[in-house]
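One structure is given below, encoded as structure tokens.
FYI, side chains are in, hydrogens and waters are out, and symmetry mates aren't considered; it's all heavy atoms of this structure. In what follows, every chain begins at residue 1, and chains take the letters A, B, ... in the order their sequences are listed.
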Amino acid sequence: MLKTHTCGELRPEHHGAAVKLAGWVHRRRDQGGLIFIDLRDRWGITQVVINQETHPDAHKIASDARNEYVLQVSGNVRNRPEGTANPELETGDIEVVGQEIVLLNPSLTPPFYINKEDRIEEVRRMEYRYLDLRRPRMQSNIVLRHRIVKFVRDYLDAKGFVEIETPILFKTTPEGAREFLVPSRYHVGKFYALAQSPQQFKQLLMVSGYERYFQFARCFRDEDLRGERQPEFTQLDLEMSFIEREDMLQLIEGLVIAMVESVTDRKLLFKPFKRLTFTEAMETYGSDKPDLRYGLEAHDISEIAGKSAFAAFQSNVAEGKPVKVICVPGGAKVSGTLLRKQTGDLETLVRSVGAKGLGWMALPENEAEEVKGPIGKYFTVDQKLAVMEQVGAKPGDLLLFLSDKRAVVYAAVDILRRTLAEQMNLTDPTILAFAWVIDFPLVEWNEEQNRWQPSHHLFTAPMWEDLPRLESDPGSVRGQQYDLVCNGYEAAGGSIRIHKTELQERILKLIGQNLEHARKLFGHLLEAFQYGVPPHGGIAWGLDRIVMLCAGEPNIREVIPFPKTQTGADLMVSAPSFATPQQLEEVHIAIVPDEDEPPES
RNA sequence: GGGGGUGUGGUGUAGCGGCCUAACAUAUUGCCCUGUCAAGGCAAAGACCGCGGGUUCGAAUCCCGUCAUCCCCGCCA
């Protein structure tokens, strides 16, 4: 080994020890006859001091060294002289007296700072990802990811789970995301699809009797990207036999709590996790993945508003459209001008999601003053008091009124909550607000295609007590689906599966899948299910999102070593790239250039 | 497919019609310096302002297009 210790472990008790350290020059402070080098490795930073008089050879190398040079330092540990300790550094009480220094490798001047937490242009970071990953922040993210994966593996192993790999080269699946196609060399004109998820395989493993399976599965979806979505991402995929919904919720909840508490310093807001039905989530937060770190709930005041003198509310309520209010605590404690600007901005915001307007009332701090805002005059004093009581508003609060089609109100509530929370600084990244959302509708109506479609996937079991309504009133049937949400993100989702062929065929019929067609696409699954399927269910975590939340990062690229840009490019290796004519010929592919702009070769 | 933001020495920013022959910090190079820790001091070098076109007497600055990237909507069972 070129090192006897890491750069993060030496302490006063090592005083006098002869050590060898190796790492990168984090920073160098050259005082002429005395040079200080902060030597960095994955574990930390240790100060090396080199004296020209006592060690001229070492001093020469230290003098020529620059940031990111790779050095090996031999010397003795000593307590720093009185008054020169650095409390910022874990190793700040000691230093290593550099006696011999070996230049293991020099470095070009890096394109950006490794030793500073400056915000760097994303493009530059991606081009030099290997340097970006050298930054302490990224290293701690990647190590955290490792710890999470390790914890999950150990935890599930202890619970009797078996880690099993499934193919990545799969076949096109019905429904679902757009897939990446891989041409087959042997089978002319045929393609594999990269697996969107191991869904079918994990259910087949239940048929195979493994009972408890998990895997960290790479999944591929050729859809447009977001900060929380990459074309390839990792799921913690898990499936279990002989369970009911509650068993899965308990298992995952226990795992997540233990994991967060043992590998992160994040605080769990709910323990046990909060549970919301899909309807509650939508009605109160306008979202099926609400951020529960803050309130700003929507309250349904349709009953009061319907009796107000405001014509729009009257007619909306008569048509069954809700009137909802969000109370912004202290929101009225600003000047009239500012209030009008703020509410104007919020109105623009809700218009962007289809709302026709935003009503508001600013409740005066002083009882004697009038309520400000455009709709106050349509409410009687008693009606105002009733609204205040229902939403729990206090003097000085701002009330925001929304009324529209349900879907529009939901979208508006969601965007208002997110925006207000951001403005009011209510999104503390050190808090994790995990909650279960359950009782999703099994199917939803697709306007365009004029048919029912599964809201999760077509193997999701209906709630058994809702089964009688499957054909007569499909929209009212709840699925045995569960989503784990956290801080406004969907962190995991899964369901209890259908294990009876008859039921599966009823579902297929409901969503308008021709049985013959369905058999072609996943006949293997239907057939397998005739050989003794245990009742089973599973869940899949968005591992990248969970790590992101645990690391307090704003997007998943920060916890993925080599991520892609929004257009799916890898700027470091320049992927994707053109294939050679020979490669294309082998897989029987001809490129048809775009009419307007033929690609460069 | 649509909407929005950004693009200026290596890096991070300023400049937003003429004071720009482009400023500041830091990094880089050289010299000085034995207790620094974002070390300090002195000096030097470094950008035709993403790319293409236009408007103008004059464009980093305004307009159009284009490319890259980020955020959002659609999309993502």
Side-chain angles (χ1 to χ4, degrees), chain A residues 26-39 45-55 59 63-64 66-68 80-89 91-92 95 97 108-128 131 173-179 196-197 199-200 219-231 233 348-349 352-354 411 414-415 418-419 422 440 442-444 446 448 453-460 479 481 490 493-495 507 511 513 522 540 542 554-555 557 564-569 571 597:
Chain A
H26 190 65
R27 232 173 233 121
R28 197 180 63 101
R29 293 175 294 280
D30 187 343
Q31 313 221 45
L34 202 60
I35 296 174
F36 296 93
I37 287 178
D38 290 341
L39 200 66
I45 290 172
T46 298
Q47 173 168 286
V48 179
V49 55
I50 305 103
N51 189 316
Q52 183 168 31
E53 274 177 20
T54 55
H55 301 94
H59 185 272
S63 178
D64 291 339
R66 292 296 180 269
N67 285 346
E68 302 310 316
R80 292 204 193 178
E82 193 70 32
T84 62
N86 183 355
E88 305 277 299
L89 229 49
T91 60
E95 62 192 3
V97 179
L108 293 176
T109 302
F112 49 78
Y113 301 108
I114 312 295
N115 59 15
K116 275 191 195 177
E117 281 302 328
D118 268 9
R119 233 186 58 254
I120 309 154
E121 190 97 29
E122 201 101 1
V123 184
R124 209 93 308 125
R125 294 178 56 195
M126 294 302 170
E127 282 170 354
Y128 296 93
L131 292 181
T173 44
E175 315 266 333
R178 186 180 298 126
E179 293 160 320
Q196 299 176 40
S197 79
Q199 184 61 38
Q200 296 187 37
C219 306
F220 306 85
R221 295 178 189 176
D222 189 9
E223 294 289 349
D224 288 352
L225 305 178
R226 289 282 197 290
E228 64 187 274
R229 304 204 303 241
Q230 283 274 308
F233 61 99
T348 309
L349 195 67
S352 75
V353 294
D414 186 31
I415 198 166
R418 287 171 189 271
T419 308
E422 201 62 47
F440 283 78
L442 182 71
V443 290
E444 49 199 31
N446 184 319
E448 285 170 27
Q453 66 176 37
S455 54
H456 184 52
H457 61 54
L458 78 188
F459 310 117
T460 301
Q481 183 196 339
E490 183 189 330
S495 63
I507 299 284
I511 65 171
Q513 280 265 7
F522 43 83
N555 66 64
R557 292 188 303 278
K564 294 189 171 52
T565 69
Q566 205 158 43
T567 57
L571 298 182
E597 33 184 327

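The CD-P distance, from A/Glu122 to B/rU11, rounds to 15 Å in whole Å. Regarding A/Glu223, its CD atom lies at a distance of 6 Å from the P atom of B/rC76, rounded to whole Å. Here the P atom of nucleotide B/rC75 and the CD atom of A/Glu490 are 15 Å apart, to the nearest Å. Spacing between atom CD1 of A/Ile50 and atom C1' of B/rU34 amounts to 12 Å, rounded to whole angstrom units. For the pair A/Leu39 CG and B/rC37 C1', the interatomic distance rounds to 14 Å; values are reported in whole Å. The CZ-C1' distance, from A/Arg66 to B/rU29, rounds to 8 Å in whole Å. B/rA38 atom P lies 14 Å from atom CD of A/Glu117, rounded to whole Å. A/Leu349 places its CG atom 16 Å from the P atom of B/rG4, with the value rounded to the nearest Å.
Using a 4.0 Å heavy-atom criterion, one finds that A/Asp30 contacts the bases of the nucleic acid, with or without backbone contacts as well. Residue A/Ile120 is classed as a sugar-phosphate contact, given heavy-atom separations below 4.0 Å to backbone atoms only. Note on A/Asn51: a base of the nucleic acid sits closer than 4.0 angstrom, heavy atoms only. Among the atoms of the strands shown, base atoms are found under 4.0 Å from some heavy atom of A/Ser197. When heavy atoms are screened at a 4.0 angstrom cut-off, A/Ala85 is found touching base atoms of the nucleic acid. The residue A/Glu95 sits close to a base: some heavy atom pair falls under 4.0 Å. As judged by a 4.0 angstrom heavy-atom cut-off over every strand, A/Arg557 is placed among residues touching the sugar-phosphate backbone only. Nucleic acid contact class of A/Pro81 (heavy atoms, under 4.0 Å, all strands): base.
Side-chain contact between A/His59 and A/Ile35: present, with at least one pair of heavy atoms (C-beta onward) separated by less than 4.5 Å. Side-chain atoms of A/Arg229 and A/Glu223, non-hydrogen and from C-beta on, never get closer than 4.5 Å to each other. In this structure the side chain of A/Thr460 never reaches within 4.5 angstrom of the side chain of A/Ile507, judged on heavy atoms. The closest side-chain heavy-atom distance from A/Glu95 to A/Pro81 is below 4.5 Å. By the 4.5 Å heavy-atom criterion applied to side chains, A/Phe112 and A/Asp118 are not counted as neighbours.
For B/rU69, its base never sits under 3.5 Å from the side chain of A/Arg125 at any donor and acceptor pair. Counting distance only, with no hydrogens placed and no angle test, the side-chain atoms of A/Tyr113 and the base atoms of B/rG10 include a donor-acceptor pair under 3.5 Å. Between the side chain of A/Arg229 and the base of B/rC75, at least one donor-acceptor pair of N or O atoms lies under 3.5 Å. Interface remark: the A/Arg418 side chain does not form any donor-acceptor pair with the B/rC72 base, using a distance-only criterion of under 3.5 Å. Judged by distance alone, with hydrogens and angles left aside, A/Glu121 brings no side-chain donor or acceptor close enough to the base of B/rU69 to form a pair under 3.5 Å.
Using Watson-Crick or G-U wobble geometry with both donor-acceptor distances under 3.5 Å, B/rC57 finds its partner in B/rG18. Taking a pair to require two hydrogen-bonding distances under 3.5 Å in either a Watson-Crick or a G-U wobble arrangement, B/rG10 pairs with B/rU26. If you check B/rU69 for Watson-Crick or wobble pairing at under 3.5 angstrom, you find it paired to B/rG5. Across all strands shown, B/rG40 forms a Watson-Crick or G-U wobble pair with B/rC32, both key distances being under 3.5 Å.
Counting only heavy atoms from C-beta on, A/Arg27 has its side chain closest to B/rA39 among B/rA39, B/rU36, B/rG10. Nearest nucleotide to the side chain of A/Gln566, out of B/rU34, B/rU11, B/rC70: B/rC70. Here the nucleotide nearest the side chain of A/Thr565, chosen from B/rU69, B/rU26, B/rA27, is B/rU69. Set against B/rA68, B/rG35, B/rA39, the side chain of A/Thr84 has B/rG35 as its closest nucleotide. In the set B/rC75, B/rU26, B/rC71, the nucleotide with an atom closest to the side chain of A/Lys116 is B/rU26. Checking B/rA39, B/rG12, B/rG35 against the side-chain heavy atoms of A/Asp118 singles out B/rG12 as nearest. When each of B/rU11, B/rC76, B/rU36 is scored by its nearest atom to the side-chain atoms of A/Arg221, the top-ranked nucleotide is B/rC76. If you check B/rC72, B/rC76, B/rU36 against the side chain of A/Arg226, the one that comes closest is B/rC72. Which of B/rU69, B/rC75, B/rC33 sits closest to the side chain of A/Gln31 comes down to B/rC33.
There is a side-chain donor-acceptor pair under 3.5 Å between A/Gln196 and A/Thr173.
Distance check: A/Ile511 CD1 to A/Gln453 CD gives 8.5 Å after rounding to the nearest 0.5 Å.
Remark: the separation of the C1' atoms in B/rC32 and B/rC70 is 45 Å, to the nearest Å. Comparing the C1' positions of B/rU66 and B/rA44 gives an interatomic distance of 39 Å, to the nearest angstrom. Only the P atoms considered, B/rG52 is 23 Å distant from B/rC57, to the nearest whole Å. Atom name C1', nucleotides B/rA22 and B/rC31: the rounded distance is 29 Å, in whole Å. Taking atom P in both B/rC64 and B/rU28, one finds a spacing of 42 Å when rounded to whole Å. With both ends at atom P, the span from B/rG1 to B/rG10 equals 34 Å, rounded to whole Å. Using atom C1' as the reference point in both B/rC49 and B/rU8, the two lie 4 Å apart (nearest Å). The P atoms of B/rU26 and B/rG7 are separated by 23 Å, rounded to the nearest whole Å.
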Report task. Evaluate salt bridge (charged side-chain N to carboxylate O under 4.0 Å, His left out) for A/Asp38 paired with A/Arg29, printing each intermediate quantity in order. Result -> CA-CA 8 Å; A/Asp38 290 341; A/Arg29 293 175 294 280; 3.0 Å; yes

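Under a cut-off of 6.0 angstrom, the local environment of CD in A/Glu117 is crowded, with over 12 non-hydrogen atoms contributed by other residues, nucleotides or ligands.
Stacking between A/Phe36 and B/rU36 is shown: the ring centroid lies under 5.5 Å from the centre of the six-membered base ring, and the planes differ by under 30°.
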